[in-house]
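The structure appears below as structure tokens.
So that the names make sense, note that chain A is the first sequence line, chain B the second, and so on, each numbered from 1.
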Amino acid sequence: MSVLYNPKVIEKKWQKVWEDEKAFTVGTDTSKPKYYALVEFPYPSGQGLHVGHPRPYTALDIVARKRRMQGYNVLYPMGWDAFGLPTENYAIKNHIHPKIVTENNIKRFKEQLQSLGYSFDWSREINTTDPNYYRWTQWIFLKLFEKGLAYKAEMPINWCTSCKVGLANEEVVGGVCERCGSEVVRVVRKQWMLKITEYAEKLITDLDQVDYIDRVKISQKNWIGKSEGAEVDFTLAGKEDTLRVYTTRPDTLFGATYMVISPEHPFVDKYKDEIKNYEELIEYRNNAAKKSDFERTELAKDKTGVCIKGLTAVNPVNGKEIPIWISDYVLMTYGTGAIMAVPAHDERDWDFAKKFDLPIIEVVAGGRVDEAAFTNTETGILVNSEFLNGLEVADAKKKITAWLTEKGIGTKKTNYKLRDWVFSRQRYWGEPIPLVHCEKCGQVALPESELPLLLPEVESYMPTDNGESPLAAMTDWVNTTCPKCGGPAVRETDTMPQWAGSSWYFLRYIDPMNDLAFAGKEALDYWMPVDWYNGGMEHTTLHLLYSRFWHKVLYDLGYVNTPEPYQKRTSHGMILGENGEKMSKSRGNVINPDDVVSEFGADTLRTYEMFIGAFDLSAAWSMEGVSGCRRFLERVWKLQDLLTDEEGFSKELETKLHQTIKKVSLDFESLKFNTAIAAMMSFVNECYRLERITRGEYKTLLLLLNPVASHVTEELWETLSFGGRVYQASWPLWDEAKTVEATVEIVIQINGKIKAALVIEPEETEENVIKKAHEIPAISTILDGKTIVKQIYVKGRILNIVAK
RNA sequence: GCAGUUGUGGCGGAAUUGGCAUACGCGCAUGAUUCAGGUUCAUGUCCGGGUUCCCGGGUAGGGGUUCAAGUCCCCUCAACUGCACCA
């Protein structure tokens with residue numbers, strides 16, 4: 001009898017062996033093909049590891065371990081995305097320096113991850129808050145700055161009227177401050193911005209070069225939101241000024257019956273003296289400032305707005321004078337901050353016109369504009385539009401755009417939803433922006449030799465009450481000299497957002513100790529691009545897009561050798577609580593991975609998380625499901641008692657084995673871990689049914705299972721003296737001929753209903769199958785007296801007899 | 001409102017190009033095993049009706065295409081996730 005399966009002992013044992021043998025430490029090795037597998041590095045939060053973390057980590061650990069067994073030189077690294085708000089808030093609340101908080105959190109996270117036995121190359125561990133790391137984050141920022149991709153602009157921030165601090169969107173819950181419940185308003189501040197919009201087109205077109213799951217590509221395209229339209233100038237009646245609008249429907253210009261500008265539009269103040277209801281407009285603007293863009297633009301809500309009295313616009317196509325309104329659904333940050341309203345053919349405009357009783361003029365026939373906006377652009381024909389009448393929408397767009405261009409009152413214009421990246425934070429726990437403000441020279445970059453610009457280590461990292469960064473209070477640090485002219489200058493006191501450090505971290509893993517460059521050329525040439533990157537869907541539009549943007553800038557500057565950082569991107573689903581809801585403290589449904597490891601073992605946790613369901617869908621936790629996986633590993637363990645010395649394979653089991661190798665090999669590649677594990681379970685069940693397994697079969701099973709349950713398979717491998725280690729062994733290959741069953745069962749249907757089954761050889765001819773089918777009594781009885789209309793045979797699967 | 005995703009037994013979920021719906025796991029039931037069991041092994045388990053066996057129904061709901069639909073098409077409903085009404 002075999003000894004008991006004791007994961008507590010064997011898991012510690014093998015983790016130590018792997019560490020001692022430097023099993024997963026890699027270097028540049030040109031004798032082998034490289035493989036770079038990457039998972040998103042975690043934010044080391046105070047709560048410790050969540051059961052959601054091991055799902056993607058185990059998945060790519062499987063890929064990494066399989067690739068090593070297939071002869072690749074595999075880089076699978078891990079690090080810490082450690083700057084950020086929760087740490088800073090925790091530090092403020094508990095009077096512990098964020099640096100200490102971060103150190104403690106990382107220590108805990110690392111222990112937890114190591115207890116799961118991942119094949120990370122820990123010698124390449126990185127930490128975004130390490131000056132040797134953020135030195136290069138700052139360096140890249142300076143490259144962006146030198147290239148003119150960083151600029152300052154007035155941007156609204158969330159401002160808590162009570163705490164007197166700027167808040168992240170996340171800290172604003174239902175329009176009030178998350179901490180104190182006071183009202184949050186939007187105030188304008190000068191912010192550093194990065195011109196990601198300059199790369200909008202490339203970020204769309206280069207998606208063709210990479211292998212991302214469709215969902216990700218679609219999300220990125222929708223986020224960038226390219227639209228083709230026109231900009232049109234409307235003159236202000238009796239003024240020199242023109243009001244420029246952007247529209248995707250220039251064809252409906254004759255139907256514009258009013259204009260709407262954003263409450264923040266500069267014309268409101270510019271024509272203050274002529275506007276008769278200025279006070280009313282300002283009150284409306286102040287109310288709008290309290291809402292987020294999302295709230296402002298919610299289509300479901302009631303439309304609000306105020307008509308500007310004393311200012312009108314002239315429609316350039318027909319000279320008609322039309323009113324100008326302000327409304328919060330028009331945002332200053334998109335297009336020109338002004339729209340022409342065509343209520344007949346736009347839903348929002350239609351709602352607005354109905355509410356305020358504004359005229360609706362149909363210019364595209366095909367709908368019933370008295371009942372709803374007609375927005376169809378495929379079938380409509382232009383009417384009430386003079387020279388456009390009778391045209392289809394697409395043609396009308398072309399004609400009017402050409403006409404506008406010729407008259408000099410409009411141009412064709414491509415717009416993107418994508419906005420520039422607000423890059424500054426009025427916070428302590430982030431990378432300092434390495435710039436100084438000199439009265440003489442303006443914004444001046446620090447010379448490279450002065451990097452890293454260290455985050456000053458002081459006691460007071462509390463937010464200031466005037467909305468400036470905590471760094472602003474450190475006058476010794478702030479006051480400096482200009483590197484250009486040597487005169488007095490002040491440092492930039494805002495810090496970078498958390499996204500900065502994660503926008504290039506995959507490059508640092510390649511060469512983490514390099515102090516001459518973010519990574520050496522030789523290492524970059526060898527390792528880039530990342531072959532497989534897995535991460536959460538929630539990072540699709542921010543992190544993933546930001547890092548592609550930075551990489552493209554570095555590529556254009558010649559610092560990296562690939563236009564795209566990631567060759568392949570996949571995404572995992574969330575792990576929900578046992579009640580099917582998102583895990584959270586307040587719901588009381590949080591599962592701690594440490595508890596699962598100590599009760600069942602890391603191999604069980606890994607197996608369970610892979611077996612829980614389709615990798616890309618969310619799945620609910622089940623403790624009973626966990627014990628099922630533990631039971632499976634026990635059964636694998638106890639196969640030792642069924643070992644037979646009998647020569648040769650059971651033919652039946654051999655077929656099953658080759659089918660299993662094939663299934664597992666292919667399923668691991670397509671993230672179908674649940675069915676791969678099901679196939680191994682089936683194989684084990686078959687061994688129990690036959691009450692036998694040979695050494696060769698057992699060996700193969702251990703190889704297949706090793707990427708999932710790495711510790712128990714190493715232990716069994718050693719116990720059975722298969723020689724060496726599983727991590728050094730070769731991945732098994734299947735023989736296609738041996739996966740084919742000797743006989744197959746096909747189903748006989750009559751008129752699509754199953755009536756009988758027939759066992760045949762797979763290569764049996766159609767003619768013979770039909771003949772045999774008709775010989776089955778159950779079939780011949782039913783067919784008696786009927787006329788056969790047709791017979792469809794699908795090889796090795798089904799015969800359908802259609803009879804009347 | 002927009003975008004994306006999902007809907008299959010008591011539960012988690014399987015099911016290349018349309019080709020035996022419910023693999024695998026859990027739970028439950030019965031039997032065996034064990035001093036004991038939150039052990040192990042075996043067998044059964046979509047629903048309904050007559051009960052060797054057969055008949056009928058069945059993949060959120062409705063319709064369609066087809067010899068054949070969980071899978072393709074149209075409509076409806078529900079849930080989850082993200083969001084910046086993008087003019």
Side-chain angles (χ1 to χ4, degrees), chain A residues 169 214-216 218-219 221-223 225 227 229 245-249 252 260 292-301 303 327-331 333-342 345-349 351-352 415-419 536-538 540-542 573-574 576 578 580-582 607-608 611-614 616-629 631-632 634-635 638 666 670 672 674-682 684-685 688-689 691 745-754 756-757 778 789-803:
Chain A
N169 284 336
D214 285 343
R215 275 206 287 167
V216 171
I218 291 166
S219 293
K221 278 184 192 159
N222 287 341
W223 187 262
S227 70
V245 302
Y246 173 72
T247 177
T248 53
R249 294 293 304 276
T252 62
V260 186
S292 69
D293 286 358
F294 179 53
E295 286 170 306
R296 282 174 57 158
T297 55
E298 233 173 338
L299 193 50
K301 68 149 196 183
K303 294 288 175 287
S327 177
D328 60 9
Y329 77 89
V330 174
L331 304 174
T333 47
Y334 183 79
T336 59
I339 63 162
M340 63 175 206
V342 185
H345 306 290
D346 182 284
E347 281 172 33
R348 286 147 307 147
D349 297 346
D351 290 345
F352 194 86
N415 243 355
Y416 300 92
K417 282 197 262 179
L418 185 70
R419 297 185 202 157
M537 273 313 282
E538 70 274 19
T540 302
T541 48
L542 297 175
M574 225 189 300
L576 306 172
E578 299 209 69
E581 292 172 22
K582 201 168 165 173
T607 307
Y608 175 64
F611 187 62
I612 193 169
D616 57 338
L617 299 181
S618 55
W621 189 267
S622 153
M623 272 305 174
E624 282 165 345
V626 177
S627 29
C629 289
R631 205 170 296 162
F632 165 61
E634 295 272 6
R635 276 162 74 80
K638 278 187 270 189
L666 297 178
S670 48
K672 290 160 81 175
N674 52 338
T675 50
I677 293 168
M680 290 188 271
M681 286 173 169
S682 277
V684 171
N685 290 347
Y688 274 87
R689 194 179 67 82
E691 296 182 322
E745 192 184 68
I746 64 157
V747 169
I748 314 298
Q749 295 182 331
I750 293 174
N751 296 333
K753 301 272 180 200
I754 296 154
V789 181
K790 70 170 136 169
Q791 309 191 78
I792 298 130
Y793 176 59
V794 181
K795 196 180 161 198
R797 285 187 188 271
I798 205 162
L799 172 68
N800 191 9
I801 302 167
V802 186

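The nucleotide whose nearest atom lies closest to any side-chain atom of A:Arg797 is, among B:rC24, B:rU17, B:rA15, B:rU17. Of the candidates B:rA87, B:rA21, B:rC67, the closest approach to any side-chain atom of A:Ile792 belongs to B:rC67. Of the candidate nucleotides B:rC24, B:rA87, B:rC67, B:rA87 has the atom nearest to the side chain of A:Asp346. Of all nucleotides listed (B:rA23, B:rU40, B:rU5), B:rU40 comes nearest to the side chain of A:Lys638. Considering only the side chain of A:Phe611, B:rC24 comes nearest among B:rC24, B:rC41, B:rA84. Residue A:Ile612 has its side chain nearest to B:rG12 when only B:rG4, B:rC20, B:rG12 are considered. Each of B:rC26, B:rU5, B:rA87 was ranked by its minimum atom distance to the side chain of A:Glu624; first place goes to B:rC26. Comparing atom distances between the A:Tyr688 side chain and each of B:rC26, B:rU81, B:rC41 picks out B:rC41 as nearest.
For A:Ser227 and B:rA87, the shortest distance from a side-chain N or O to OP1 or OP2 is below 4.0 Å. When the side-chain nitrogen and oxygen atoms of A:Asn674 are compared with OP1 and OP2 of B:rA14, one or more of them lie within a distance under 4.0 Å. Between A:Arg631 and B:rC26 there is a side-chain polar atom (N or O) within less than 4.0 angstrom of OP1 or OP2. The side chain of A:Lys417 contributes no N or O atom lying less than 4.0 Å from OP1 or OP2 of B:rA84. For A:Asn685 and B:rA23, the shortest distance from a side-chain N or O to OP1 or OP2 is not below 4.0 Å. Side-chain N/O atoms of A:Lys221 include none lying less than 4.0 angstrom from OP1 or OP2 on B:rA3.
Between A:Asn751 and A:Lys672, the residue whose closest nucleotide on RNA chain B is further toward the 5' end is A:Lys672. Between A:Arg689 and A:Met681, the residue whose closest nucleotide on RNA chain B is further toward the 5' end is A:Met681.
Across the protein-nucleic acid pair, A:Leu617 atom CG and B:rG12 atom P stand 13 Å apart, rounded to whole Å. Between the P atom of B:rC55 and the NZ atom of A:Lys753 lies a distance of 11 Å, rounded to the nearest Å. With rounding to whole Å, A:Lys795 atom NZ is found 19 Å from B:rU17 atom P. The CH2 atom of A:Trp223 sits 13 Å away from the C1' atom of B:rU81 (whole-angstrom rounding). Distance A:Asp616 CG to B:rG13 P: 12 Å, rounded to the nearest Å. Separating the OH atom of A:Tyr329 from the C1' atom of B:rG1 is a distance of 14 Å, rounded to the nearest angstrom. With rounding to whole Å, A:Ile798 atom CD1 is found 12 Å from B:rA21 atom C1'. The distance between atom CG of A:Asp351 and atom C1' of B:rC2, rounded to the nearest whole Å, is 14 Å.
Using a distance-only test at 3.5 Å, with no hydrogens or angles considered, a donor-acceptor pair links the side chain of A:Glu578 to the main chain of A:Met623. With hydrogens and angles disregarded, a donor-acceptor distance shorter than 3.5 Å links the side chain of A:Tyr608 to the backbone of A:Ser622.
Within 4.0 Å (heavy atoms only), A:Ala614 reaches sugar-phosphate atoms of the nucleic acid but no base atom. Counting non-hydrogen atoms under 4.0 angstrom, A:Ser618 reaches the backbone sugars and phosphates but no base. Within the nucleic acid shown, A:Ile754 comes within 4.0 Å of sugar-phosphate atoms alone, with no base atom in reach, counting heavy atoms only. Within the nucleic acid shown, A:Ser219 has no heavy atom closer than 4.0 Å to any nucleic acid atom. Backbone-only contact: A:Thr247 has heavy atoms under 4.0 Å from sugar-phosphate atoms and none from a base.
Under the Watson-Crick and G-U wobble criteria, each requiring two contacts below 3.5 Å, nucleotide B:rA69 is left unpaired. With a cut-off of 3.5 Å on both pairing distances, B:rU52 has no Watson-Crick or G-U wobble partner at all. Across all strands shown, B:rG7 is found opposite B:rC77 as a Watson-Crick or G-U wobble partner, with both distances under 3.5 Å. Figure legend. B:rA42 is base-paired to B:rU30; pairs are counted as Watson-Crick or G-U wobble with both atom distances under 3.5 Å. Base pairing annotation: B:rG12 forms a Watson-Crick or G-U wobble pair with B:rC24, both donor-acceptor distances under 3.5 Å. Using Watson-Crick or G-U wobble geometry with both donor-acceptor distances under 3.5 Å, B:rC83 finds its partner in B:rG1. The partner of B:rU59, taking Watson-Crick or G-U wobble pairs whose two distances both stay under 3.5 Å, does not exist in any strand shown.
Between the P atoms of B:rU40 and B:rG48, the separation comes to 31 Å (whole Å). B:rA60 and B:rU66 are spaced 23 Å apart, taking the P atom of each and rounding to whole Å. Across B:rG56 and B:rG82, the matching P atoms stand 48 Å from one another, rounded to whole Å. Only the C1' atoms considered, B:rA23 is 8 Å distant from B:rA15, to the nearest whole Å. Comparing B:rU76 with B:rA68, their P atoms are spaced 27 Å from each other, to the whole Å. Taking atom C1' in both B:rU22 and B:rC35, the straight-line distance is 41 Å, to the nearest Å. Separating the P atom of B:rC54 from that of B:rG70 is a span of 23 Å, rounded to the nearest Å. Remark: the separation of the C1' atoms in B:rA69 and B:rC74 is 15 Å, to the nearest Å.
Closest heavy-atom contact between A:Gly796 and A:Ile746: C-CG2, 3.4 Å. Contact between A:Asn751 and A:Asn800 at its shortest, heavy atoms only, is N-OD1, 3.5 Å. Between A:Gly337 and A:Val330, the shortest heavy-atom distance links the atoms O-CG1, 3.5 Å.
In this structure the side chain of A:Tyr329 reaches within 4.5 angstrom of the side chain of A:Asp349, judged on heavy atoms. Using a 4.5 Å heavy-atom threshold, the side chains of A:Gln749 and A:Ile792 count as separate.
Under the 90° criterion around 0 for the glycosidic angle, B:rG9 counts as syn.
Ring centroids of A:Phe611 and A:Phe632 are separated by 6.0 Å or more, keeping the two rings apart.
Rounded to the nearest 0.5 Å, atoms OG (A:Ser627) and CD (A:Glu634) are 11.0 Å apart.
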